[in-house]
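Report on the structure given below.
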Amino acid sequence: MICDCLPGDLKEKKEALGEVLNGDRLVSAPYKLEFQRDKELVSVCDRKLSKQDVARFRSAVRKDYYFQMYYDDLPIWGFIGKVDKEGKDPSDYRYFLYKHIHFDVFYNKDRVIEINVRTDPNALVDLTEDAEVQAEFLYTVKWKETNTPFEKRMDKYSQSSSLPHHLEIHWFSIINSCVTVLLLTGFLATILMRVLKNDFVKYAHDEESAEDQEETGWKYIHGDVFRFPKFKSLFAAALGSGTQLFTLTVFIFILALVGVFYPYNRGALFTALVVIYALTSGIAGYTATSFYCQLEGTNWVRNLLLTGCLFCGPLFLTFCFLNTVAIAYKATAALPFGTIVVIVLIWSLVTSPLLVLGGIAGKNSKAEFQAPVRTTKYPREIPPLPWYRGTIPQMAMAGFLPFSAIYIELYYIFASVWGHRIYTIYSILFIVFIILLIVTAFITVALTYFQLAAEDHEWWWRSFLCGGSTGLFIYAYCLYYYYARSDMSGFMQTSFFFGYMACICYGFFLMLGTVGFRAALLFVRHIYRSIKCE
């Protein structure tokens with residue numbers, strides 16, 4: 001409707017960085033809503049729709065297109081038309097375009113409090129036939145007084161995701177997650193405590209009874225357990241990036257819980273993500289380089305470059321491809337040149353210098369790797385192990401439990417990011433995040449123990465991969481969501497969904513991998529500190 005009645009003085013709104021990243025390109029609408037001035041059946045334009053116009057509108061109505069507008073920063077939306085499905089056969093369906101919009105605006109003194117929009121079901125343009133149609137588009141404005149204070153005008157939008165039946169599902173999700181966590185942690189803690197206690201007693205007894213007795217189990221590999229991993233530069237870079245993403249997530253949660261991301265604060269989340277990611281890059285540089293130097297790495301500059309590119313590299317390549325697709329489709333999701341320049345400037349003037357400063361601080365920290373036992377000169381051979389002790393089956397086991405604790409909440413997050421739902425219950429999301437971290441840490445510790453008990457000392461990469469495997473499960477959930485829960489279709493929607501979800505899941509992989517490795521490292525240090533090794 002609007003695209004057929006464009007005003008002569010079309011004004012584009014200046015967008016903030018987050019709004020541009022969000023794909024918002026707002027322009028002035030042809031409706032004039034003056035404060036406290038009622039209007040009745042004002043004509044926007046009288047237009048003859050050509051056959052091509054009719055076909056385009058019919059296609060838009062069939063696909064449930066809707067308009068979204070903002071008045072005094074309050075969002076309003078409505079469908080542009082309707083499908084009359086009287087006949088059983090789709091060829092008998094009739095398509096109509098609404099031509100009369102009715103605005104109800106509520107005010108309190110000199111402030112706009114609420115705005116609703118509805119379409120007149122009797123003022124319709126028939127689009128069923130491929131024929132030229134004459135249509136006059138109209139609008140009506142009614143102003144009504146209300147007692148609602150200005151401070152509470154956004155509550156209406158916040159409450160939509162906190163309706164009782166929604167909250168019940170969220171609390172069911174949390175109770176489900178908590179039960180999973182309690183059972184898992186209790187089960188693992190009991191087993192590990194009992195087994196470790198037996199191990200400690202046995203090893204202490206072995207030391208007293210026979211000095212020359214053959215050692216077995218995890219004590220047997222004490223000389224290899226702290227042998228530094230292969231590809232130590234990549235390992236340190238992954239830890240650095242994971243630590244940065246973890247810090248970013250915590251900061252975003254703090255802002256969300258404080259109330260920065262109220263509904264329809266357009267682009268606030270994207271702005272916060274870009275700014276906080278840029279400011280936390282020093283953490284990535286410091287963590288990666290200090291750990292790399294602890295692992296006796298020498299080429300710390302290369303390690304720093306790897307850290308800078310490990311997450312940003314794939315993200316940049318994905319963005320280049322998807323932006324090209326958006327430009328080809330003439331979509332508003334394509335970023336303008338100016339915005340790309342701003343992001344490049346942020347990266348080169350803020351992210352990179354902080355990364356380098358963090359790296360220099362990490363190199364100069366001169367921390368040594370704390371290993372409670374000495375590492376032997378030559379590595380022991382790992383005994384042949386059954387197939388289920390391989391990396392991939394272990395990753396599948398490690399990823400399933402944390403994923404099962406969050407999958408109910410995932411649907412709501414997907415529906416708000418890729419659908420049109422509003423997500424405002426950040427406190428519940430934060431609890432689910434804490435549960436996710438606890439389960440990831442516990443399952444990684446348990447699998448690391450079983451790996452060491454089988455005399456397999458290459459636990460460094462394994463603990464990282466097992467911790468991060470939840471990211472792969474989330475990506476598998478994307479496939480389910482795309483085919484079973486969403487109405488997405490076409491190359492652009494598909495590539496955007498799978499492209500950006502791949503980046504998000506990769507970020508989760510790095511972040512949870514870091515959590516898993518840190519938990520495993522604490523555990524391994526603890527058990528080897530508790531026994532005497534020659």
Side-chain angles (χ1 to χ4, degrees), residues 1-30 56 60 63 65-77 80 248 252 255 260-261 263-281 308-309 311-354 416-420 488 490-504 506-507:
M1 187 189 300
I2 294 166
C3 60
D4 251 46
C5 296
L6 291 172
D9 56 335
L10 190 71
K11 295 190 197 74
E12 289 198 7
K13 179 184 177 292
K14 282 188 176 162
E15 307 284 0
L17 174 64
E19 290 177 296
V20 178
L21 293 175
N22 207 12
D24 293 339
R25 307 286 182 275
L26 299 181
V27 294
S28 56
R56 283 170 62 197
K63 293 174 182 172
Y65 271 55
Y66 65 93
F67 61 81
Q68 180 162 359
M69 295 184 265
Y70 290 88
Y71 183 67
D72 194 37
D73 268 349
L74 294 169
I76 44 172
W77 51 88
I80 65 166
L248 168 72
I252 290 291
L255 290 178
V260 173
F261 307 128
Y264 303 105
N265 181 0
R266 294 190 304 278
L269 178 62
F270 284 100
T271 308
L273 282 169
V274 170
V275 171
I276 297 172
Y277 184 82
L279 295 175
T280 52
S281 59
C309 300
F311 182 69
C312 281
L315 184 65
F316 178 71
L317 291 173
T318 309
F319 162 74
C320 287
F321 171 70
L322 294 178
N323 210 49
T324 309
V325 171
I327 291 167
Y329 276 84
K330 298 186 173 65
T332 58
L335 290 196
F337 182 70
T339 308
I340 296 171
V341 169
V342 168
I343 291 173
V344 169
L345 284 173
I346 290 174
W347 192 81
S348 53
L349 299 177
V350 181
T351 311
S352 302
L354 284 175
S416 69
V417 174
W418 297 106
H420 307 291
M488 286 188 250
F491 180 70
M492 183 179 155
Q493 286 187 329
T494 307
S495 58
F496 260 70
F497 179 70
F498 286 109
Y500 281 128
M501 280 315 300
C503 293
I504 292 167
Y506 176 53

_According to side chain to side chain donor-acceptor pair (under 3.5 Å), who are the partners of N323, at least two apart in sequence or on a separate chain?_
none

_Which label fits F497 and W418: parallel for a plane angle under 30°, tilted from 30 to 60°, or perpendicular past 60°?_
perpendicular

*What is the distance from atom CG of L322 to atom OH of Y500, rounded to the nearest 0.5 Å?*
5.0 Å

_Reported CD1-to-OH distance for the pair I80 and Y66, which is rounded to 0.5 angstrom_ = 12.0 Å

*Search all heavy atoms of P353 against all heavy atoms of S348 and return the closest pair with its distance.*
CD-O, 3.3 Å

*CG of L273 to CD1 of I252: how many Å apart, nearest 0.5 Å?*
4.0 Å

*Taking all non-hydrogen atoms of both residues, which atom of A326 and which atom of A333 are closest, and how far apart?*
CB-C, 4.1 Å

*May I ask you to test the F316-W347 pair for a side-chain heavy-atom distance under 4.5 Å?*
no

*Could you check if a side-chain atom of L315 sits within less than 4.5 angstrom of a side-chain atom of Y506, using non-hydrogen atoms only?*
no

*Are F319 and I343 close enough that some pair of their side-chain heavy atoms sits under 4.5 Å apart?*
no

*What's the spacing between I276 CD1 and T271 OG1 if we round to 0.5 Å?*
10.5 Å

*Measure the spacing between SG of C309 and CG of L317 and express it to the nearest 0.5 Å.*
10.0 Å

*Compare every heavy atom of I346 with every heavy atom of A278, then report the nearest pair and how far apart it is.*
CB-CG2, 3.7 Å

*Nearest 0.5 Å please: distance from the CG atom of L26 over to the CD atom of Q68.*
8.5 Å

*Can you find a heavy atom in the side chain of M488 that is under 4.5 Å from one in the side chain of F496?*
no

*asked:* Taking the side chain as everything from C-beta on, heavy atoms only, tell me whether V325 gets closer than 4.5 Å to F321.
replied: yes

